[in-house]
Amino acid sequence: MTRNQNRDGSSSSSRKRVNGGVAPWSDLDQNLLFLVMMKLGVIDFLAFGGVCKTWRSLARNNKKIFMASGPPMLMSISDPSYEKEEWYCCLEDFEGRKFKTILPHAAGRICVGITCGYLILFGEETKDFWLVNLITRHQLHFPCFPFIVRTDLATIRGIIVFSPSLSGWVFVVFRRFSRQIWFSIAGTPAWNHISSTFLAIDLHAFKGKIYTVNIRCRLCEMRLNPEPKLTLLQKKNIPQPSFLFPEFVRSGENLYVMDRGLKDSYTLHELDFEEMKWVSSEKTLEECAFFVNGFKYPAAIKADLWVDHRSLYERYAYFHSAIDTSRKGGFLPSYLVLPQ
């Protein structure tokens, strides 16, 4: 097509390409470039965004689509007490490709969770937090935590969210079954807190807002500006039975609450914000796989993205008997996480 345009004399830029022998990669058709990008792995996707401005713009504008289209990855963290080397994190995709990343600021710290692709590292002596992105290597530091943390690190919940009103990254952290939620703005030496009437169990950032949930199905919105406060959201109905150990989990444009009942049984309810009510989501369990991982932060993906790799998944699952092979989706125990 380029040669035909050159013969017709209708495109001087095409003529230059032919005479030069090679056209710039940045001039590749955007639709074709998008198809190529969607075939890449996570690491190659990051490299793709560093080729030129055009490619970086395409990658940035379609990052959510790309991340939602891929299967989860296995994440493991080394323990220097057993291996005489630095702390590192290893990511493995379902094609067997492994990516090893050295974890900075990990000495003397415990990994207490993961949020938006960042490991949350808590200093046992310094009492501060370092957040390290596993893919981009971006780091965020937050000062000494004012609350006493001893043996209850397993109850810590933390999320990172960018606040346009505060023009910065905000780290929100709390201890499960407590009435205080703490937050700190990156680059500042201070912590602030909000007191809650209800015992918070989990929190999540969704579409620019922060939500908390408790065992009585109460849902609150947390606002940081102009004055930090929690607002109880009135819902039209209450799930039966009430939540015992609710956890937020997102799938695409939907936000769910996954509740662990007795004998590790799970139920799933969607938050319908238009109708302001809870909706039972049994059908969603056939369409999505919900990974219950050891970092207390579940992940959800479309079942078709991982079902072909079931054998590799089973190799890493904690309890093989918990895998329901009769369905594509459902609840699955794992350390698998989705990079976001």
Side-chain angles (χ1 to χ4, degrees), residues 68 72 113-115 154-155 157 159 174 176-178 196 198-207 209-222 232-307 310 313-314 317-338 340:
I114 187 169
T115 172
T155 67
R157 289 288 197 274
I159 59 171
F174 79 112
R176 299 187 74 181
F177 303 101
S178 65
S196 172
F198 314 110
L199 298 177
I201 307 298
D202 199 13
L203 76 166
H204 194 83
F206 181 69
K207 294 185 177 181
K209 297 181 179 180
I210 302 173
Y211 298 99
T212 68
V213 67
N214 80 342
I215 58 176
R216 296 189 179 276
C217 311
R218 293 190 179 97
L219 183 72
C220 296
E221 180 183 342
M222 178 179 175
L232 178 65
L233 301 180
Q234 298 296 331
K235 312 296 288 186
K236 293 182 179 179
N237 62 336
I238 298 176
Q240 296 297 330
S242 296
F243 298 147
L244 291 178
F245 301 99
E247 292 181 285
F248 286 112
V249 58
R250 177 178 177 175
S251 177
E253 294 300 312
N254 300 322
L255 182 63
Y256 301 90
V257 167
M258 184 178 69
D259 183 43
R260 178 170 61 86
L262 300 177
K263 297 182 180 180
D264 288 332
S265 62
Y266 289 87
T267 58
L268 188 72
H269 287 83
E270 179 184 353
L271 292 165
D272 187 336
F273 289 99
E274 292 186 3
E275 297 291 334
M276 292 303 291
K277 66 180 182 180
W278 298 97
V279 180
S280 181
S281 302
E282 287 300 317
K283 183 179 179 181
T284 306
L285 295 177
E286 298 293 336
E287 302 172 348
C288 294
F290 290 85
F291 294 94
V292 186
N293 63 54
F295 283 112
K296 309 163 291 185
Y297 296 84
I301 66 168
K302 294 180 179 179
D304 292 339
L305 295 176
W306 80 279
V307 69
R310 185 183 297 273
Y313 168 75
E314 291 176 352
Y318 283 132
F319 309 106
H320 292 247
S321 59
I323 300 175
D324 186 355
T325 57
S326 65
R327 63 199 301 182
K328 291 183 179 179
F331 300 104
L332 304 166
S334 177
Y335 266 129
L336 294 172
V337 294
L338 274 175
Q340 300 179 13

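We count residues from 1, following the sequence as given.
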List the atom of Lys209, the atom of Glu221, and the distance in Å for their closest heavy-atom pair. CD-OE2, 3.6 Å

Check whether any side-chain heavy atom of Thr212 sits under 4.5 Å from a side-chain heavy atom of Phe198, and report yes or no. no

For Phe177, the side-chain contact (heavy atoms from CB on, under 4.5 Å) test, sequence neighbours excluded, returns Ile201, Ile215, Phe245

Looking at every non-hydrogen atom in both residues, tell me the closest pair between Cys217 and Trp278 and how far apart they are. O-CZ2, 3.6 Å

Classify the ring geometry between Phe248 and His204 as parallel (under 30°), tilted (30 to 60°) or perpendicular (over 60°). tilted

Residues in side-chain hydrogen bond (donor to acceptor under 3.5 Å, both in side chains) contact with Asn254, at least two apart in sequence or another chain: Tyr256

Around atom NZ of Lys235, are there more than 12 heavy atoms of other residues, nucleotides or ligands at under 6.0 Å? yes

Which residue in the set Asp272, Leu271, Thr267 passes side-chain contact (heavy atoms from CB on, under 4.5 Å) when paired with His269? Thr267

Quick one: CG on Leu232 to CZ on Arg218, what's the gap to the nearest 0.5 Å? 7.0 Å

Quick one: are Gln234 and Met276 in side-chain contact, heavy atoms under 4.5 Å? no

Just how far is it from atom CG of Asn214 to atom CZ of Arg176, taken to the nearest 0.5 Å? 11.5 Å

Glu275 meets the salt bridge (charged side-chain N to carboxylate O under 4.0 Å, His left out) criterion, sequence neighbours left out, with Lys236

Under the side-chain contact (heavy atoms from CB on, under 4.5 Å) test against Leu268, which residue among Val257, Val279, Val249, Asp259 passes? Val249

Where do Asp202 and Pro246 come nearest, in terms of heavy atoms and distance? CB-O, 3.7 Å

For the atom pair CZ (Phe206) and CZ (Phe273), what is the distance rounded to the nearest 0.5 Å? 6.0 Å

